[in-house]
Undergrad: 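I am attaching a structure below and will ask some questions about it afterwards.
Both backbone and side-chain heavy atoms feed into the values below; hydrogens, waters and symmetry mates do not. Naming: A, B, ... by sequence-line order, numbering from 1 per chain.
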Protein chains: 6
Amino acid sequence: MTLSARNQLPGVVKSVVLGAVMAEIVVDVSGHEVVSVITRHSAEALDIKAGDDVTVVIKATEVLLQK
Amino acid sequence: MTLSARNQLPGVVKSVVLGAVMAEIVVDVSGHEVVSVITRHSAEALDIKAGDDVTVVIKATEVLLQK
Amino acid sequence: MTLSARNQLPGVVKSVVLGAVMAEIVVDVSGHEVVSVITRHSAEALDIKAGDDVTVVIKATEVLLQK
Amino acid sequence: MTLSARNQLPGVVKSVVLGAVMAEIVVDVSGHEVVSVITRHSAEALDIKAGDDVTVVIKATEVLLQK
Amino acid sequence: MTLSARNQLPGVVKSVVLGAVMAEIVVDVSGHEVVSVITRHSAEALDIKAGDDVTVVIKATEVLLQK
Amino acid sequence: MTLSARNQLPGVVKSVVLGAVMAEIVVDVSGHEVVSVITRHSAEALDIKAGDDVTVVIKATEVLLQK
């Protein structure tokens, strides 16, 4: 299955912080840090931990530009 | 002024497509294509065109992960 | 690969409207209409058309409640 | 008053988890689980609890498709 | 019914631009311009036009800060 | 640098609540309360506290209307 999201970038998980409801995951994407906040439930369901290969997915309508 | 968004990645505009209301801008970020959809009005106000140096800005809560 | 998004609902495409930049796709999910707006480019890349089986994907942080 | 959001689905609350800032609410929509993350403050202001009838509201631009 | 969204601001519509799929509505909120992009279908279903009293609704997780 | 986000409103911070992962900041914008949820990390990096002058930033595609 293919996802409609235009932005799908490969990276490696650097760190995971779990809260009661949310989780913050920092991913290295080609030397840039990309931070994702998902539910703790999802982070645990995917068993996301430092060193994992992941794909960062972002819908194009969520991307702002600064110039 | 500093923006709270955790994800701010430098890139170069590759292409701009203008619709009646929205605009699609493709940005090269370290060799990855990142696509942004903003209003046509914003694209024109920032005068965004191919070759421009821009920063791609994404709120952490908008970033999904796939593993 | 598994996606972190908590909401992944199976449905069938009912209609597709293409604009210059965006596309509107109406999906039937268990008798409910769910409307998705993605880029025209994505709609064409996935070749989305009426009758297709698709999965509707929504990040939990995007879901409001009314009571 | 009518809301512009295209996706408004009726459901029943199955569970509520409260964190310090956020709350996770699982809603049954026609047999599908839909997860919403809102502020704890909102969950308390609406007094959301298991068994409540609610409407799940999602802006069309937040809906991705997978095919 | 009450909506979970924390931000609900009263305003008056100043202008409407319709595209093929999307619509851009500019709203005056206490002297500030607030711009909303919704589907053309929603704008037409609500019959939104200049001079209308509306409420601008924004989920708290969508609000960035700059300092 | 100029940000593409159409909605940039000046305000004053009224309160900050920190969770493990997220932070809730209430801002007074011309007498209206606007609530922002960002990561705790961002709130601390910007050192956001009551009384601070801030700008509230919202992408136009995140703004719903009610009429």
Undergrad: Do V56(F) and L65(E) touch side chain to side chain, with heavy atoms closer than 4.5 Å?
TA: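 Counting from C-beta outward, V56(F) and L65(E) do come under 4.5 Å.
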
Undergrad: In terms of heavy-atom pairs under 4.5 Å, which option from V26(F), L9(F), V34(F), I48(F) contacts chain E the most?
TA: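 Looking at each option in turn, the highest pair count goes to V34(F).
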
Undergrad: Measure distances from V27(F) to the heavy atoms of chain E and classify the residue's part below 4.5 Å as side chain, backbone, both or neither.
TA: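 The side chain, not the backbone.
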
Undergrad: With chain E as the partner, which of V57(F), V13(F), V29(F) has the greatest number of non-hydrogen pairs under 4.5 Å?
TA: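 With the most close heavy-atom pairs to chain E, the winner is V57(F).
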
Undergrad: Test of understanding: with side-chain contact (heavy atoms from CB on, under 4.5 Å), list the residues that count as partners of A43(F), not counting sequence neighbours.
TA: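 Checked A43(F) against side-chain contact (heavy atoms from CB on, under 4.5 Å); matches are L18(F), A23(F), I25(F), I38(F).
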
Undergrad: Heavy atoms only: give me the nearest V35(E)-V63(F) pair and the separation to one decimal.
TA: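 It is O-CG2, 3.6 Å.
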
Undergrad: Step through the atoms of chain F and chain E and list each donor-acceptor pair whose separation is under 3.5 Å.
TA:
| unit_1 | atom_1 | unit_2 | atom_2 | d |
| --- | --- | --- | --- | --- |
| R6(F) | NH1 | E24(E) | OE1 | 3.0 |
| N7(F) | OD1 | V35(E) | N | 2.6 |
| N7(F) | ND2 | V35(E) | O | 3.0 |
| E24(F) | OE1 | R6(E) | NH1 | 3.1 |
| S30(F) | OG | H32(E) | NE2 | 2.6 |
| H32(F) | NE2 | S30(E) | OG | 2.6 |
| V35(F) | N | N7(E) | OD1 | 2.6 |
| V35(F) | O | N7(E) | ND2 | 2.9 |
| S36(F) | OG | V63(E) | O | 2.7 |
| V37(F) | N | A60(E) | O | 3.0 |
| L46(F) | O | K67(E) | NZ | 2.9 |
| D47(F) | O | K67(E) | NZ | 2.7 |
| D52(F) | OD2 | K67(E) | NZ | 2.9 |
| T55(F) | N | Q66(E) | O | 2.8 |
| T55(F) | O | Q66(E) | N | 2.8 |
| V57(F) | N | L64(E) | O | 2.9 |
| V57(F) | O | L64(E) | N | 2.9 |
| A60(F) | O | V37(E) | N | 3.0 |
| V63(F) | O | S36(E) | OG | 2.7 |
| L64(F) | N | V57(E) | O | 2.9 |
| L64(F) | O | V57(E) | N | 2.9 |
| Q66(F) | N | T55(E) | O | 2.8 |
| Q66(F) | O | T55(E) | N | 2.8 |
| K67(F) | NZ | L46(E) | O | 2.9 |
| K67(F) | NZ | D47(E) | O | 2.7 |
| K67(F) | NZ | D52(E) | OD2 | 2.9 |

Undergrad: Tell me, side chain or backbone of L46(E) under 4.5 Å from chain F's heavy atoms, or both, or neither?
TA: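 When you check distances to chain F, atoms from both the backbone and side chain of L46(E) fall under 4.5 Å.
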
